[in-house]
> 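Below is one structure. I have some questions about it.
These numbers come from a predicted model, not from an experiment.
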Amino acid sequence: DAARRRDEGVLTAFLDAFGELAQTPVPVLNPHVQEVVAFLLEMMRAPDELVDRATRDGAASVVGALAEWKPKLLGKAGLVPAIVETCVGIMARADASSSRAGALFMSQPLQRLRAEEEALIKARLLGQQPPHGGAATTTTGGFSALAGGGVAAKGGDDDDDDDAYEGPTVQELAQTTLDQVALHVPQKYSLEPTMGLAVRCLRSDDQAARRAGAATIGVVAEGFQDALRERHLGDVLALLEQAARQSDAATRECLCFAYGQLAEHCQPEIVAFAARVVPVVFEFLDDARAAVVGTACYVLETFCESMDGDQIAPLLPDLIERLLVLLAHELTGIREMAAAAMGSAAVAASDAFAPYLPRAADALTAMCALEREDAWELRGRALEALGHVALAVGPDRFAPYRDAAIVSASQNLKLDSTELAEYSYGFFANVAKVLRADIAGLLSELVPHLLDVIARRDGATFDYEDDDDDDDDAGGPRMGFLDTDDGGAIEAEDGADWDDVGDGARAARGGGGDDDDDGDDD
């Protein structure tokens, strides 16, 4: 009744009460969980003209609390499929021009990159000088194309560009809820309905469905990492590769987000699929969207961290050439992420990096000399990369660049930036491994500084609470979530591999652990 009357005060009070009850061990909600969850999902799906943001936010928070505090209750009540379908449906209906895949999962470099790109596009639309004069050459016409079309020019004063934050969007709420389900609900209840729906979306001819499927893979990658690494990674990567061949710009952004999350959470197993993944990521480097290019750099950085010289050798020439181009990009954020990827590639390549040293080190050394405060993060990233390059090529080859890098690192310690200081500490640690006894000449200045920093810092303590959830079925049972065209699951013999994803579906049935009916959340 309160929902029909749009009585937000009553709805907020009820949702607050539901949230408290979801976290209590007393099973007050248990007999009514079906009705409660149905009501909450209805609130999440409701359009803006029917439900305020605060109400939708409260409904999603209660669903997330139930997933975290009463995961087995949701599973045994058969509510996980409805929750997943609601979240994925919301993601599919999100406006492609405004939705941000993985908005809650973006790192600070990506957030800065988005803001920088938006400022550049706006400056071009208004015929103004790009920020800082367009720091370097443009690598592709993509950003100019974005500014020339596809983005409507905004009228009015500059002051109203940054609208006040109105709370999470419905897309962000759906992602957060789905993430909670993947992290907390036992996978015998959550893996098959979530991945099954994601797979069907990725196979769809509808771009909105494909976007939702790719975003879903990225959102649940952390929660389902064991199952993905151990059984399903190759099949999921094949689907993403297929979707990437026939996707629009917004879908490519979601696909890149999925690759980034898989690269982060499915190490080192994903390195075995480098020949399948890296060519797709190389294509993302040419994308018009800064977030796609930046995330692609992050994927390459993560891949390189787990590679050895033999694994990276076939990819090295193309990889380094592409990163060298990006080191001259007009967006500072792109150069930051390209520098980080270059450092990781150097460490993986080791001596094989020597042919690329002059061009790479020259570009990184120039970045280390940047003095603008808004370029300090780039300065630090470049210094960090130079430290990795030193580890790769050794003291003799690094000698021409050593002094300039050390000067930059020493200057960082005098600037009012904790982040720059931390980059310098990492650089000195790596250079010490390379220079060995020759580092002694720096110790007279460096050691007193370090001792002073140690003396000034508070003795912070951290409580690493053991948050052991019930993960007796970690990795989940082996599920048949790649369905046949008629909706039926193909069952395989125990231990049999799935068929090729492109030719049909795979299913595997296995002996996941028995249901835990210990009633801890009943």
Side-chain angles (χ1 to χ4, degrees), residues 18-19 21-25 27 29-41 44-45 59-91 104-105 172-201 212-213 215-232 236 261 265-266 467-481 510-522:
F18 287 153
L21 291 172
Q23 299 178 49
T24 180
L29 281 183
N30 295 26
H32 313 288
V33 69
Q34 297 273 2
E35 295 85 353
V36 169
V37 171
F39 170 74
L40 297 171
L41 297 181
M44 290 179 63
R45 290 190 298 263
S61 296
V62 177
V63 177
L66 286 168
E68 181 176 0
W69 295 93
K70 297 184 180 292
K72 291 181 187 175
L73 176 62
L74 292 182
K76 293 173 184 177
L79 292 167
V80 173
I83 296 172
V84 171
E85 288 168 12
T86 295
C87 293
V88 176
I90 289 170
M91 291 157 65
L104 301 179
F105 300 81
E172 292 167 346
L173 292 176
Q175 290 179 353
T176 305
T177 304
L178 197 58
D179 184 42
Q180 293 292 92
V181 169
L183 286 171
H184 300 296
V185 177
Q187 291 180 17
K188 58 191 169 190
Y189 304 122
S190 59
L191 180 64
E192 183 167 359
T194 305
M195 295 301 296
L197 185 54
V199 165
R200 291 194 294 275
C201 288
T216 298
I217 295 294
V219 169
V220 303
E222 180 181 7
F224 292 163
Q225 59 181 285
D226 291 337
L228 288 169
R229 287 202 319 263
E230 294 167 9
R231 293 181 289 281
H232 307 311
V236 170
Q261 291 296 294
H265 297 295
C266 295
D467 242 349
D468 243 351
D469 286 338
D470 175 24
D471 48 1
D472 47 336
D473 39 24
R478 192 173 170 95
M479 290 293 185
F481 52 70
D514 296 336
D515 264 15
D516 280 332
D517 293 324
D518 51 8
D520 60 346
D521 59 7
D522 288 355

> Carefully, step by step, assess Arg231 and Asp226 under the rule side chain to side chain contact (heavy atoms under 4.5 Å, CB included).
CA-CA 8 Å; Arg231 293 181 289 281; Asp226 291 337; over 6 Å; no
> When rounded to the nearest 0.5 angstrom, what distance separates CZ in Phe224 from CD in Gln261?
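Reported to 0.5 Å precision, the distance equals 14.0 Å.
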> Could you tell me the separation between the CG atom of Leu21 and the CG atom of Leu29, rounded to the nearest 0.5 Å?
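With rounding to 0.5 Å, CG (Leu21) is 4.5 Å from CG (Leu29).
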> Please report the closest heavy-atom contact between Thr86 and Arg45, naming both atoms and the distance.
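Shortest heavy-atom contact: OG1-NH1, 2.9 Å.
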> Looking only at heavy atoms, which two atoms of Thr177 and Met44 are closest? And how far apart?
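Of all heavy-atom pairs spanning Thr177 and Met44, the closest is OG1-CE, 3.8 Å.
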> Do Pro71 and Tyr189 come close enough that some side-chain heavy atom pair is under 4.5 Å?
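Pro71 does not reach Tyr189 side chain to side chain.
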> Distance from Gln180 atom CD to Ser61 atom OG, nearest 0.5 Å?
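The distance works out to 9.5 Å.
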> If you compare all heavy atoms of Val80 against all heavy atoms of Pro193, which two are closest, and at what distance to 0.1 Å?
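Closest approach of Val80 to Pro193, heavy atoms only: CG1-CG, 4.1 Å.
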> Side-chain contact, heavy-atom cut-off 4.5 Å: Thr216 with Leu197?
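No, every pair of side-chain atoms sits at 4.5 Å or beyond.
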> Could you please spell out the steps behind the side chain to side chain contact (heavy atoms under 4.5 Å, CB included) verdict for Val88 and Cys201?
CA-CA 9 Å; Val88 176; Cys201 288; 3.9 Å; yes
> For the atom pair CG (Leu40) and CD (Glu35), what is the distance rounded to the nearest 0.5 Å?
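Leu40 CG to Glu35 CD: 11.5 Å, rounded to 0.5 Å.
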> Val220 and Leu178: which non-hydrogen atoms are nearest, and at how many Å?
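Scanning both residues completely, I find the closest heavy atoms to be CG1-CG, 4.0 Å.
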> Taking the side chain from Glu68 and the backbone from Ala65, do they hold a donor-acceptor pair closer than 3.5 Å?
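Flag not set: sc Glu68 to bb Ala65 has no pair under 3.5 Å.
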> Check whether any side-chain heavy atom of Glu85 sits under 4.5 Å from a side-chain heavy atom of Leu41, and report yes or no.
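No; the side chains remain at least 4.5 Å from each other.
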> Mind listing the closest non-hydrogen atom pair of Lys72 and Pro186 along with its distance?
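Nearest heavy atoms, Lys72 then Pro186: CG-CG, 3.9 Å.
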> Test your reading of the model: is there a side-chain donor-acceptor pair from Ser190 to the backbone of Val185, 3.5 Å cut-off?
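Answer holds: yes.
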> Between Gln187 and Ala227, what is the shortest heavy-atom contact and its length?
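Looking at all heavy atoms of both residues, the shortest contact is OE1-CB, 3.7 Å.
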> Apply side chain to side chain contact (heavy atoms under 4.5 Å, CB included) to Trp69 and His184, showing your working.
CA-CA 8 Å; Trp69 295 93; His184 300 296; over 6 Å; no
> Checking side chain to side chain contact (heavy atoms under 4.5 Å, CB included) for the pair Lys70/Val33: CA distance, chi angles, key distance, verdict?
CA-CA 10 Å; Lys70 297 184 180 292; Val33 69; over 6 Å; no
> State the CD1-CG distance between Ile217 and Leu228, to the nearest 0.5 angstrom.
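Answer rounded to 0.5 Å: 7.0 Å.
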